[in-house]
K.L.:
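One structure, pasted below without further comment.
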Amino acid sequence: MLNNKQIERVLETIGEMFPDAHCELNHSNPFELVIAVSLSAQCTDALVNKVTKKLFEKYKKPEDYIAVPLEELQNDIRSIGLYRNKAKNIRKLCEMLLENYDGKVPREREELMKLPGVGRKTANVVMSVAFGIPAIAVDTHVERVSKRLGICRWKDSVLEVEKTLMKKVPEEKWGQTHHRLIFFGRYHCKAQKPQCEICPLLDLCREGKKWMKRSS
DNA sequence: CTCCCGATAT
DNA sequence: ATATCAGGAG
């Protein structure tokens, strides 16, 4: 496990590598962000953006998603994968927004997580990106990077990873750090082919040597 | 734990 | 051919 000084070095380094890390899911309001993030489960954001480009032109409000047959919505998001679950969730989510939230996306984590297809990770993204409420969403990249670097333990659950990051990172830097960890994981410390050879953090990474061998 | 699932990289 | 992708629900 990294000590506080090492954590500080990690934050500084990923800040230099990805100073302008940001949410890469295209959206123009909280409602579109909820849809985009719920679609992004087990799918690249590039593909989500390809689908939402057309989707957001066709469906503007919660009412629009309910107005069409479920099969039509399934077809509009088919290329994403997991499309039956996602279509059903989006439809129900829109119904709930209209019934319980005046058609608007709630800001509270507890309320967000009541929506179908919205778990803690998605709720945290919406809170942080759409509403500017401090939160750290732990996705596959944040989890992998945190564990490889030794920010947390290998056996930690995603919730434990989130708690560790909240404890180790100053609250005013949660949003920024969250996106930098994602960029670091997505473009540098990748799942299949991590760039260990050019990694400025290799000396404090427990997994680095293992990956160096595999790539040689 | 399993299932959902197409697109892409390796 | 297999692993992975801004996960969530049962």
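Here is how names work: the chains are called A, B, and so on, in the same order as the sequence lines, proteins then strands, and each is numbered from 1. Only this structure's heavy atoms are used, side chains among them; waters, hydrogens and symmetry mates stay out.
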K.L.:
Without decimals, in angstroms, what is the distance between A:Phe183 CZ and C:dA6 P?
P.N.:
11 Å
K.L.:
Which value, in whole Å, describes the distance between the C1' atoms of nucleotides C:dA3 and B:dC5?
P.N.:
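It comes out at 14 Å once rounded to the nearest Å.
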K.L.:
Is there a side-chain contact between A:His188 and A:Cys199 (heavy atoms, below 4.5 Å)?
P.N.:
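In short, these two side chains touch, coming nearer than 4.5 Å.
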K.L.:
Give a yes/no answer on whether the side chain of A:Thr140 brings an N or O atom under 4.0 Å of OP1 or OP2 in C:dC5.
P.N.:
yes
K.L.:
Heavy atoms under 4.0 Å, any strand shown: does A:Val142 hit a base, just sugar-phosphate, or nothing?
P.N.:
nothing
K.L.:
Taking CE from A:Met113 and P from C:dA9, how many angstroms apart are they, rounded to a whole number?
P.N.:
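Distance, rounded to whole Å: 8 Å.
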K.L.:
Output the rounded distance in Å from CE (A:Met127) to C1' (C:dA6).
P.N.:
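Between C1' of C:dA6 and CE of A:Met127: 16 Å.
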K.L.:
How close or far is atom C1' of C:dT4 from atom CD of A:Glu143, stated in whole angstroms?
P.N.:
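Value for this atom pair: 13 Å.
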K.L.:
Applying a 4.0 Å non-hydrogen cut-off, can you work out what A:Ala137 is touching in the nucleic acid: base, sugar-phosphate, or nothing?
P.N.:
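Here A:Ala137 touches no strand at all.
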K.L.:
Test of understanding: clusters of I, L, V, M, F, W, Y form through side-chain heavy atoms closer than 4.5 Å, transitively. Do A:Leu201 and A:Met212 belong to the same one?
P.N.:
no
K.L.:
One thing to verify: whether A:Lys5 and A:Glu8 come together as a salt bridge, which I'm taking to mean a side-chain N less than 4.0 angstrom from a carboxylate O.
P.N.:
no
K.L.:
Would you mind reading off the distance between A:Ile77 atom CD1 and B:dG6 atom C1', rounded to a whole angstrom?
P.N.:
11 Å
K.L.:
Consider only side-chain heavy atoms of I, L, V, M, F, W and Y, link residues closer than 4.5 Å, and tell whether A:Met127 and A:Leu93 are in one cluster.
P.N.:
yes
K.L.:
Can you tell me how far P of B:dA9 sits from OH of A:Tyr187, to the nearest Å?
P.N.:
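Atom-to-atom, A:Tyr187 to B:dA9, this comes out as 13 Å.
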K.L.:
Please determine whether residues A:Ile66 and A:Val34 belong to a single hydrophobic cluster, defined as Ile, Leu, Val, Met, Phe, Trp and Tyr linked transitively by side-chain heavy-atom distances below 4.5 Å.
P.N.:
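No; A:Val34 is not reachable from A:Ile66 via cluster members.
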K.L.:
Between residues 19-55 of chain A and DNA chain B, which residues have a heavy-atom gap below 4.0 Å?
P.N.:
A:Gln42, A:Leu47, A:Lys50
K.L.:
If we take the P atom in both B:dC4 and C:dA1, what is their distance in whole Å?
P.N.:
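That atom pair is separated by 22 Å.
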K.L.:
Less than 4.0 angstrom between a side-chain N/O of A:Arg144 and OP1 or OP2 of C:dC5, yes or no?
P.N.:
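Checking A:Arg144 against C:dC5: at least one side-chain N or O falls below 4.0 Å of OP1 or OP2.
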K.L.:
Mark yes when over 12 heavy atoms from residues, nucleotides or ligands other than A:Arg153 sit less than 6.0 Å from its CZ; otherwise mark no.
P.N.:
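No, not enclosed.
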K.L.:
Does anything in residues 78-100 of chain A come within less than 4.0 Å of DNA chain C? Heavy atoms only, and list the residues if so.
P.N.:
A:Leu82
K.L.:
If you measure only the distance, is there a donor-acceptor pair under 3.5 Å linking the side chains of A:Asn26 and A:Glu32?
P.N.:
no
K.L.:
Roughly how many Å is it from NZ in A:Lys193 to C1' in B:dT8, rounded to a whole number?
P.N.:
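My rounded result for the distance is 14 Å.
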K.L.:
Can you tell me how the ring of A:Phe183 sits relative to the ring of A:His22, calling it parallel under 30°, perpendicular over 60° and tilted otherwise?
P.N.:
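Rings of A:Phe183 and A:His22: tilted, 30 to 60°.
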K.L.:
On DNA chain C, nearest-nucleotide positions of A:Ile182 versus A:Leu115: which is more 5'?
P.N.:
A:Ile182
K.L.:
Describe, in one word, how the ring planes of A:Phe184 and A:Phe18 are oriented to each other, choosing from parallel (under 30°), tilted (30 to 60°) and perpendicular (over 60°).
P.N.:
perpendicular
K.L.:
Does A:Tyr83 form a side chain to side chain donor-acceptor pair (under 3.5 Å) with A:Asn75? I'd like the steps, not just the answer.
P.N.:
CA-CA 8 Å; A:Tyr83 61 91; A:Asn75 225 314; over 6 Å; no
K.L.:
Whole angstrom is fine here: how far is it from NZ in A:Lys190 over to P in B:dA9?
P.N.:
10 Å
